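No experiment lies behind these values; they were computed from the predicted model shown.
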Amino acid sequence: MPRPSIARRTFLWLPAAAALDSGITARAKAAVRRHLDLLLDASGRVVNIKGKDAAALTSMCFEILHASTGEARYRRAAVELAGRVLTGMRASPTGVLPIKEKDRGGEKFLGGGPPALGWYAACVAWVLHRAGGREADIEYVAQVVDRFSWNPEGWWANTIEAATGRPGIVERPTQVNKNASMVMAAAVLAETLPPAGAALAARLRGKGLSCLRRRILPAQMSDGYWHYGLTGGDPKNKDVLGYFLLSAGLLVRVRRLTPSFRDAALDTALDRAAGFAATRIAGRYDAATDPRRVFDLILLLADTGRTAQAARILDSAFDQFPYGNAGQDGARCACDLATLMHTCA
């Protein structure tokens, strides 16, 4: 796709607490709290959350709200949802949740993997680490991610057969958003594993850094854009700008949830990505029909210090937030805003 060049500029990173104004964080907290309260029944239990990774994302949102308010009911909800995801993982022979039927060379199989795997592995581990006393569960999640098919050239398989672990595509570089999600999972697990899991943590850290530094960051175009595939080029039947926002948002979480993975190269890459989004994507999506893309955009802009533009978009999108939605839209939009709350904590 043709892309206008974006002028180079001097980049000085400000910590999120300084870069984001109180108005954005206050509105984010109000929206997240209103949304999550609608997901609790009269007894304080979480309603059924639908979607391949929605329960894990919502679990993280509840934990961030707990940190912000100190209310124990939000921690209970976070742990409850993380437990539901773990139950599903343990019911799968590989620990990977089956998602949908896949095809490889005419052979059909029930596949599972990233980006969903990256989301639920990272969220569950992060929540349980903060809750404490769940080291064995975190190690189990780490083992699932460590076993997931990996190419030592620096990328993960696009999917596996959930029943056997047999990979789909792993012999050539796979989609950037799938790999970004696995970098996030590997990074969170490397930082949350207990000392007894040091060797496992080191392996995951090595994979995450290899993918990030050898594949994802070098694949970024000079104007900040990431193609859908790590080797360049975009399919005609995909919302490639949406996948770009998804990938950038996953990398925002890498540096916010896992400080040891953050460096100048990642900061610069995200600033470039936000520059592309500010000029080429803002205004393309409608919060009423595609709220995930709009709130992904708000996260990226706000996190990189473009608070005035982020606030303007939030003003127009705030009333379109999918309050009480128990599926992917509610989970993803809430997680975008909750991430802003966390980065300002």
Side-chain angles (χ1 to χ4, degrees), residues 15-17 20-51 53-88 119-135 137-138 141 184 188 191-192 249 252-253 256-259 291-292 295 298-299 302-303 311 314 317-345:
L20 292 182
D21 62 59
S22 59
I24 289 180
T25 52
R27 298 193 79 187
K29 181 177 178 179
V32 170
R33 184 165 190 155
R34 176 181 169 187
H35 169 67
L36 294 181
D37 282 347
L38 290 170
L39 299 180
L40 296 175
D41 65 19
S43 67
R45 286 183 55 81
V46 187
V47 301
N48 183 39
I49 305 296
K50 304 177 291 292
D53 48 34
L57 287 162
T58 306
S59 173
M60 176 175 280
C61 294
F62 272 116
E63 176 57 31
I64 291 173
L65 189 58
H66 163 71
S68 178
T69 65
E71 294 186 32
R73 64 192 181 110
Y74 295 133
R75 163 67 61 76
R76 288 194 297 270
V79 173
E80 177 190 344
L81 281 177
R84 292 183 195 177
V85 177
L86 271 174
T87 297
W119 280 117
Y120 60 77
C123 292
V124 166
W126 190 80
V127 167
L128 295 183
H129 174 71
R130 289 175 62 90
R134 302 293 291 271
E135 289 82 5
D137 288 323
I138 295 171
V141 175
M184 178 179 68
V188 169
E191 290 201 353
T192 58
V252 165
R253 290 168 173 87
R256 290 307 171 193
L257 299 177
T258 57
R292 280 182 266 179
F295 283 92
I298 291 167
L299 169 64
D303 185 74
L314 182 59
F318 197 75
D319 290 339
Q320 302 296 332
F321 187 94
Y323 295 106
N325 178 281
Q328 291 292 124
D329 280 354
R332 279 278 301 280
C333 295
C335 193
D336 284 336
L337 294 185
T339 299
L340 293 178
M341 293 166 55
H342 175 69
T343 58
C344 293

- Message: Do Val141 and Leu128 have side chains that approach each other closer than 4.5 Å (heavy atoms only, starting at C-beta)?
- Response: no

- Is any side-chain heavy atom of Arg76 closer than 4.5 Å to a side-chain heavy atom of Arg73? yes

- Task: Heavy atoms only: give me the nearest Ala77-Leu40 pair and the separation to one decimal.
- Result: CB-CD2, 4.0 Å

- Between Ala56 and Val124, the two heavy atoms sitting closest are CB-CG2, 4.4 Å

- Heavy atoms, side chains only, cut-off 4.5 Å: are Trp126 and Met184 in contact? no

- Side-chain heavy atoms of Val32 within contact of Ile64, under 4.5 Å: no

- Atom of Gln328, atom of Asn325 and distance for their closest heavy-atom approach: N-OD1, 4.1 Å

- Item | Inter-residue atom distance Leu39.CG - Tyr323.OH, 0.5 Å rounding | 12.5 Å

- Rounded to the nearest 0.5 Å, the CG atom of Leu314 sits from the CZ atom of Phe321 at a distance of 10.0 Å

- Message: Under the criterion side chain to side chain contact (heavy atoms under 4.5 Å, CB included), I'd like the reasoning laid out for Asp336 against Arg292: C-alpha separation, chi angles, the key distance, then a yes or no.
- Response: CA-CA 9 Å; Asp336 284 336; Arg292 280 182 266 179; 6.0 Å; no

- Item | Atom pair OG1 (Thr58) and CG (Asp53), whose distance is rounded to the nearest 0.5 Å | 9.0 Å

- Query: If you measure from CD1 on Ile298 to CG on Leu337, what distance do you get to the nearest 0.5 Å?
  - Reply: 6.5 Å

- Measuring from Asp303:CG to Leu340:CG, what's the distance to the nearest 0.5 Å? 7.0 Å

- Message: Using the salt bridge (Lys or Arg N to Asp or Glu O under 4.0 Å) criterion, which residues pair with Asp137? Sequence neighbours excluded.
- Response: Arg90, Arg134

- Query: Taking it one step at a time, do Glu71 and His66 satisfy side chain to side chain contact (heavy atoms under 4.5 Å, CB included)?
  - Reply: CA-CA 5 Å; Glu71 294 186 32; His66 163 71; 5.6 Å; no

- Task: Identify the heavy atoms of His35 and Ala334 that sit nearest to each other, and give their distance.
- Result: CD2-CB, 3.6 Å

- 4.5 Å side-chain heavy-atom contact, Leu257 and Glu191: no

- So which heavy atom on His342 is nearest to which on Arg130, and how close? CE1-NH1, 4.4 Å

- Rounded to the nearest 0.5 Å, the CG atom of Leu65 sits from the CE atom of Met60 at a distance of 13.5 Å

- Looking only at non-hydrogen atoms, find the nearest pair between Ala82 and Val127 and report the distance. CB-CG1, 4.3 Å

- Task: Indicate yes or no: at least one non-hydrogen side-chain atom of Arg84 is less than 4.5 angstrom from one of Ser59.
- Result: no

- Message: Any heavy-atom pair between the side chains of Val188 and His129 that's under 4.5 Å?
- Response: no

